[in-house]
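Heads up: numbering here begins at 1 and tracks the sequence. Any value given below was found using the heavy atoms of this structure, including those in side chains, with hydrogens, waters and symmetry copies removed. Every number for a ligand or one of its atoms is a count from 1 in the order of the listing.
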Amino acid sequence: MREHSDIVVVGGGPVGAAFALALADSEFSVQVLEARPHLRQPTFRRTLALSYGTRLILERLGVWSALRKVTPIRDIHISQRGGMGVARLSATEEQLPELGAVVDYGELDAALHQALANSAVQVVTGARVVDSHSTTTYASLQMEYKGRPECVTTRLAVIADGGAGQANRERREYAQHALVAWVKSELPHGHRAYERFTDEGPMALLPDQDGFALVLTALPERVNALLAMPEADFLAELYQHFGERLGRFVQVRERSSFPLATSHTRDVVSPHRVMIGNAAHVMHPVAGQGFNLGLRDAWELAEQVRASGREALGDMVMLKRYAVTRQFDVSASMWFTDSLVRLFTQPNPLLDHVRGMGLLALQQMPPLKHFVARRMIFGARAW
Ligand SMILES: Cc1cc2nc3c(=O)[nH]c(=O)nc-3n(C[C@H](O)[C@H](O)[C@H](O)COP(=O)(O)OP(=O)(O)OC[C@H]3O[C@@H](n4cnc5c(N)ncnc54)[C@H](O)[C@@H]3O)c2cc1C
């Protein structure tokens with residue numbers, strides 16, 4: 001561990017690791033502090049839907065080609081249960097090879113860390129940061145490292161710890177839990193992802209290998225009942241819930257659940273300290289946008305750091321410039337996802353009609369559809 005580095009990244013999850021990698025060949029010394037004792041140990045199993053824009057960034061970081069379990073998404077089918085209107089987004093219409101792809105969080109994490117291991121960036125595992133302080137010229141970070149307290153200093157502390165344990169956050173609870181699982185259907189996915197809004201909550205089926213990654217949201221009691229069901233009953237319930245587009249569901253594994261909430265920090269930047277990724281904002285998972293947004297934070301911050309030069313590293317002029325650049329993408333993404341979830345989960349027959357008209361309008365108006373697709377793929381750069 002270095003006592004002082006130009007940049008210290010707290011958290012070597014995919015956002016922190018990508019940020020460090022983006023600066024691996026820069027003039028700055030970069031150190032990553034990661035709480036996990038070993039890198040090949042993600043805290044959970046998770047699949048991520050990555051937009052095509054995210055793929056382009058990962059290609060530039062040199063890690064895309066290392067991913068083996070990649071399932072392309074070529075179409076997205078959006079519908080509501082019991083209501084009219086269907087919208088379809090397609091890669092062909094957007095003149096792209098694909099709209100996005102589904103990858104495994106653990107594999108992405110491993111690929112990023114393999115690239116870091118071959119770079120000048122120092123990654124310290126088993127280092128849990130517990131406190132930080134800033135002066136006008138540097139930040140200091142206190143941590144627990146192998147059972148003893150340690151401290152490092154830096155010109156720029158980049159907090160990418162996923163938001164774990166931060167008190168100063170705006171938090172909004174949804175009265176729902178999410179159930180995640182891997183499922184297989186009778187009919188093949190044909191590289192199509194499904195977003196379906198039901199009066200119980202939205203659900204997503206993302207093509208993953210020869211099946212789907214499922215995210216289903218509902219009231220906690222309902223999710224608990226679905227978790228406890230024997231496999232055959234669960235598959236039958238899922239068929240009822242989703243409808244017959246994919247035939248029957250024939251296999252399920254790795255069912256788990258968690259409560260749904262979104263949150264964001266009030267102070268993304270303070271002297272010599274900045275938050276990125278989930279540390280700055282946690283989104284509803286059903287739209288599959290959290291990591292995509294976090295990676296855009298990482299990429300933009302790396303660009304600002306390169307442009308700032310050594311003297312301005314971590315000062316408030318540089319950090320505010322970063323915050324302003326990111327503000328629109330972050331707030332628009334959070335607002336869009338939150339509004340979509342709220343609009344489509346109000347059990348109101350009148351709203352059913354409005355929602356159906358909305359989906360029809362999206363389908364019938366190519367410029368609107370093109371805009372929504374570009375917004376999902378490239379974030380604020382779609383403008
Ligand atoms: C079920 C589910 C499905 C999702 N699906 C998608 C999707 O399809 N597409 C998408 O874009 N996003 C998705 N997301 C969101 C996505 O997982 C997150 O946005 C992404 O993981 C954020 O990355 P991160 O690096 O900011 O944080 P994390 O992935 O949480 O990583 C944080 C890292 O910091 C480390 N750490 C924590 N505390 C400390 C500390 N004190 N000191 C040092 N290190 C620390 C942790 O060990 C971890 O390695 C999903 C989320 C969920 C829950």
Sub-4.0 Å atoms of ligand 1 with respect to non-hydrogen atoms of [X]:
| X | answer |
| --- | --- |
| A127 | 42 (N), 43 (C) |
| E34 | 33 (C), 34 (O), 35 (C), 44 (N), 46 (C), 47 (O), 48 (C), 49 (O) |
| G290 | 10 (C), 11 (O), 12 (N), 19 (O) |
| L33 | 43 (C), 44 (N) |
| R128 | 41 (N), 42 (N) |
| Y105 | 21 (O), 28 (P), 29 (O), 31 (O) |
| G13 | 25 (O), 31 (O), 33 (C), 49 (O) |

Within the structure, does [X] bring an N/O atom to less than 3.5 angstrom of an N/O atom in ligand 1?
| X | answer |
| --- | --- |
| L206 | no |
| V129 | yes |
| F258 | no |
| V10 | no |
| F291 | yes |

Backbone N/O of [Y] and side chain of [X]: donor-acceptor pair under 3.5 Å:
| X | Y | result |
| --- | --- | --- |
| H113 | G12 | yes |
| R155 | T137 | yes |
| Q176 | E200 | yes |

Approximate separation, where rounding is to 0.5 Å, of L156 CG and M318 CE: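 With rounding to 0.5 Å, CG (L156) is 5.5 Å from CE (M318).
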
R172/T262 under side chain to side chain donor-acceptor pair (under 3.5 Å): CA gap, chis, key distance, verdict: CA-CA 5 Å; R172 178 181 273 187; T262 63; 5.4 Å; no

From the candidates D161, L141, N292, the one that places a heavy atom nearest atom 36 (N) of ligand 1: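 The residue whose heavy atom sits nearest atom 36 (N) of ligand 1 is D161.
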
T47 and ligand 1 - part of the residue with a heavy-atom distance under 4.0 Å: backbone

Whether F242 and F249 hold their rings parallel, tilted or perpendicular, with breakpoints at 30° and 60°: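 Correct class here is perpendicular.
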
Criterion side chain to side chain donor-acceptor pair (under 3.5 Å) on N292 and T54, from CA distance to verdict: CA-CA 6 Å; N292 294 300; T54 290; 2.5 Å; yes

